[in-house]
Amino acid sequence: MTHQTHAYHMVDPSPWPLTGALSALLMTSGLTMWFHYHSVVLLFLGLMTNTLTMFQWWRDVVREGTFQGHHTPVVQEGLRYGMILFITSEVLFFTGFFWAFYHSSLAPTPELGSYWPPVGVYPLNPLEVPLLNTSVLLASGVTITWAHHSLMEGNRKNMLQALLITILLGVYFTLLQMFEYYEASFTISDGIYGSTFFVTTGFHGLHVIIGSTFLLTCFIRQLKFHFTSNHHFGFEAAAWYWHFVDVVWLFLYLSIYWWGS
């Protein structure tokens with residue numbers, strides 16, 4: 001930064017966008033091979049190269065922001081805007097699924113028996129596992145806020161405890177959803193109800209897994225003293241993302257599980 005006359009970070013050339021794109025191609029092709037030919041070789045290759053790309057790309061970003069001082073206040077402001085735009089795009093992503101659900105449920109067609117849920121589909125009880133999952137995610141929203149405030153106050157021990165609890169709650173949520181899918185009396189092929197239910201809840205579950213990975217990365221970084229009370233955007237972005245996952249679940253629970261049943 002000594003030779004620069006501005007506070008912006010001019011990123012060095014990196015191979016990771018290319019390897020990330022190629023690994024995504026391998027994974028999608030591998031899924032196709034798995035679905036049609038029951039071969040998992042290409043899928044595992046894609047997962048392995050994607051994992052290596054993530055590890056090395058995140059390593060470079062951590063090095064630039066934590067040790068080389070490239071994440072100046074101006075750069076951090078740009079990162080914040082980028083994260084806000086990313087979450088906005090995610091909101092619109094889920095809006096499409098909710099649109100499909102309400103389009104089908106508010107005016108059921110004769111093919112569905114003019115009734116919602118469609119005739120022959122027995123929805124899950126919203127007061128059982130879905131309600132437990134709601135309480136788990138609401139609790140995780142409290143613990144991530146506790147971790148954030150502890151970090152800003154310089155209380156490292158409480159921050160680590162609260163962050164670990166949040167990660168465990170995220171894993172617990174994922175296990176509960178797997179159990180729910182296993183016990184469901186309908187499948188994704190059961191018409192518009194099955195497809196909207198499993199696609200919407202499934203993508204939310206994927207976001208929970210991504211968010212848990214995000215928080216686990218922040219937990220490891222905090223163990224290595226990477227965050228300070230005034231320089232911790234990596235954790236702040238993870239907290240924003242987790243709150244977004246919480247809010248989406250509330251809409252999902254009220255719409256698909258409670259009202260839709």
Side-chain angles (χ1 to χ4, degrees), residues 50-71 73 75-88 90-91 94 131-179 203-253:
N50 187 258
T51 302
L52 289 170
T53 297
M54 287 192 298
F55 178 82
Q56 292 170 109
W57 201 343
W58 296 348
R59 176 205 61 189
D60 290 352
V61 174
V62 168
R63 182 190 296 136
E64 292 162 359
T66 306
F67 302 115
Q68 295 178 331
H70 289 315
H71 288 184
V75 173
Q76 288 186 59
E77 185 179 8
L79 292 172
R80 283 184 172 85
Y81 283 130
M83 192 66 192
I84 290 169
L85 289 172
F86 170 66
I87 292 176
T88 302
E90 293 282 271
V91 170
F94 278 100
L131 183 60
L132 176 58
N133 261 342
T134 303
S135 62
V136 168
L137 272 193
L138 288 176
S140 72
V142 173
T143 55
I144 194 67
T145 304
W146 173 26
H148 196 181
H149 282 273
S150 298
L151 179 58
M152 289 190 293
E153 293 167 3
N155 191 332
R156 184 170 182 271
K157 180 181 177 182
N158 279 4
M159 190 271 185
L160 286 170
Q161 288 178 345
L163 187 53
L164 180 60
I165 293 171
T166 308
I167 295 167
L168 293 176
L169 287 171
V171 173
Y172 183 43
F173 176 93
T174 303
L175 293 174
L176 284 172
Q177 191 157 33
M178 290 169 59
F179 169 77
F203 268 115
H204 177 269
L206 176 63
H207 282 70
V208 170
I209 294 171
I210 293 170
S212 300
T213 307
F214 204 168
L215 294 174
L216 179 61
T217 304
C218 290
F219 182 79
I220 295 171
R221 290 190 63 192
Q222 179 65 353
L223 288 176
K224 296 177 176 292
F225 296 91
H226 286 183
F227 299 128
T228 65
S229 58
N230 56 5
H231 194 280
H232 56 262
F233 175 71
F235 172 77
E236 196 174 2
W240 290 357
Y241 189 83
W242 196 255
H243 286 307
F244 156 75
V245 168
D246 280 355
V247 172
V248 169
W249 175 260
L250 288 177
F251 280 101
L252 199 152
Y253 174 76

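Just so you know, these numbers come straight off a predicted model, no measurement behind them.
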>> So for atom NE2, which belongs to His231, do other residues, nucleotides or ligands contribute more than 12 heavy atoms lying within a distance under 6.0 Å?
In response: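 More than 12 within 6.0 Å, yes.
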
Check: [Y] and [X] side chains under 4.5 Å, non-hydrogen atoms:
{"X": "Val62", "Y": "His226", "result": "yes"}
{"X": "Leu164", "Y": "Thr143", "result": "no"}
{"X": "Tyr172", "Y": "Leu132", "result": "yes"}
{"X": "Asp246", "Y": "Leu138", "result": "no"}
{"X": "His243", "Y": "Ile144", "result": "yes"}
{"X": "Arg80", "Y": "Trp240", "result": "yes"}
{"X": "Asn158", "Y": "His149", "result": "no"}

State the [atom1]-[atom2] distance between [X] and [Y], to the nearest 0.5 angstrom.
{"X": "Ile209", "Y": "Leu216", "atom1": "CD1", "atom2": "CG", "answer": "13.0 Å"}
{"X": "Ile210", "Y": "Leu215", "atom1": "CD1", "atom2": "CG", "answer": "12.0 Å"}
{"X": "Ser229", "Y": "Met159", "atom1": "OG", "atom2": "CE", "answer": "11.5 Å"}
{"X": "Glu153", "Y": "His148", "atom1": "CD", "atom2": "NE2", "answer": "10.5 Å"}
{"X": "Glu90", "Y": "Met83", "atom1": "CD", "atom2": "CE", "answer": "8.5 Å"}
{"X": "Met152", "Y": "Phe227", "atom1": "CE", "atom2": "CZ", "answer": "13.5 Å"}

> Do the rings of Tyr241 and Phe244 sit parallel, tilted or perpendicular, given the 30° and 60° boundaries?
Replying inline: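 If you compare the ring of Tyr241 with that of Phe244, the planes turn out tilted.
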
> Considering residues at least two apart in sequence or located in another chain, which fulfil the salt bridge (Lys or Arg N to Asp or Glu O under 4.0 Å) criterion with Arg63?
Replying inline: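 For Arg63, the residues satisfying salt bridge (Lys or Arg N to Asp or Glu O under 4.0 Å) (neighbours in sequence not counted) are Asp60.
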
> Of all residues at least two apart in sequence or in a different chain, which pass the salt bridge (Lys or Arg N to Asp or Glu O under 4.0 Å) check with Arg59?
Replying inline: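 Arg59 satisfies salt bridge (Lys or Arg N to Asp or Glu O under 4.0 Å) with no other residue.
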
> What's the verdict on side-chain contact (heavy atoms from CB on, under 4.5 Å) for Val208 and Gln177, showing C-alpha distance, side-chain angles and the deciding distance?
Replying inline: CA-CA 11 Å; Val208 170; Gln177 191 157 33; 5.7 Å; no

> Any sub-3.5 Å donor-acceptor pair from His204's side-chain atoms to Val245's backbone N or O?
Replying inline: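 Pair found, side chain donor or acceptor close to backbone of Val245.
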
>> Tell me if a side-chain donor or acceptor on Arg156 pairs with a main-chain N or O of Leu223 at a distance below 3.5 Å.
In response: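 Yes; at least one donor-acceptor contact below 3.5 Å.
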
> Leu85: what forms a side-chain contact (heavy atoms from CB on, under 4.5 Å) with it, not counting sequence neighbours?
Replying inline: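 Partners of Leu85 by the side-chain contact (heavy atoms from CB on, under 4.5 Å) criterion come out as none, since no residue qualifies.
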
> Residues in side-chain contact (heavy atoms from CB on, under 4.5 Å) with Val142, at least two apart?
Replying inline: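 In terms of side-chain contact (heavy atoms from CB on, under 4.5 Å), with neighbours along the sequence ignored, Val142 is linked to no residue.
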
> Would Leu250 and Thr134 count as a side-chain contact (heavy atoms from CB on, under 4.5 Å) if you check the C-alpha gap in whole Å, the side-chain angles of each, and the deciding distance to 0.1 Å?
Replying inline: CA-CA 7 Å; Leu250 288 177; Thr134 303; 4.0 Å; yes

For [X] and [Y], which heavy atoms make the closest approach, and how far apart are they?
{"X": "Ser212", "Y": "Val171", "result": "OG-N, 4.4 Å"}
{"X": "Ala238", "Y": "Cys218", "result": "CB-SG, 3.8 Å"}
{"X": "Phe235", "Y": "Leu163", "result": "CE1-CD1, 3.9 Å"}
{"X": "Thr213", "Y": "Trp58", "result": "CG2-CH2, 4.3 Å"}

> What residues form a side chain to side chain donor-acceptor pair (under 3.5 Å) with Thr174, not counting sequence neighbours?
Replying inline: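 Applying side chain to side chain donor-acceptor pair (under 3.5 Å) to Thr174 gives none.
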
> Listed by chain and number, what are the side chain to side chain donor-acceptor pair (under 3.5 Å) partners of Gln222, not counting sequence neighbours?
Replying inline: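 In terms of side chain to side chain donor-acceptor pair (under 3.5 Å), with neighbours along the sequence ignored, Gln222 is linked to no residue.
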
>> Going by ring pair (Phe, Tyr, Trp, His ring centres under 6.0 Å), Phe173 matches just one of Phe179, Tyr253, Trp249, Trp242. Which one?
In response: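 Testing Phe173 for a ring pair (Phe, Tyr, Trp, His ring centres under 6.0 Å) against Phe179, Tyr253, Trp249, Trp242 leaves exactly one candidate, Trp249.
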
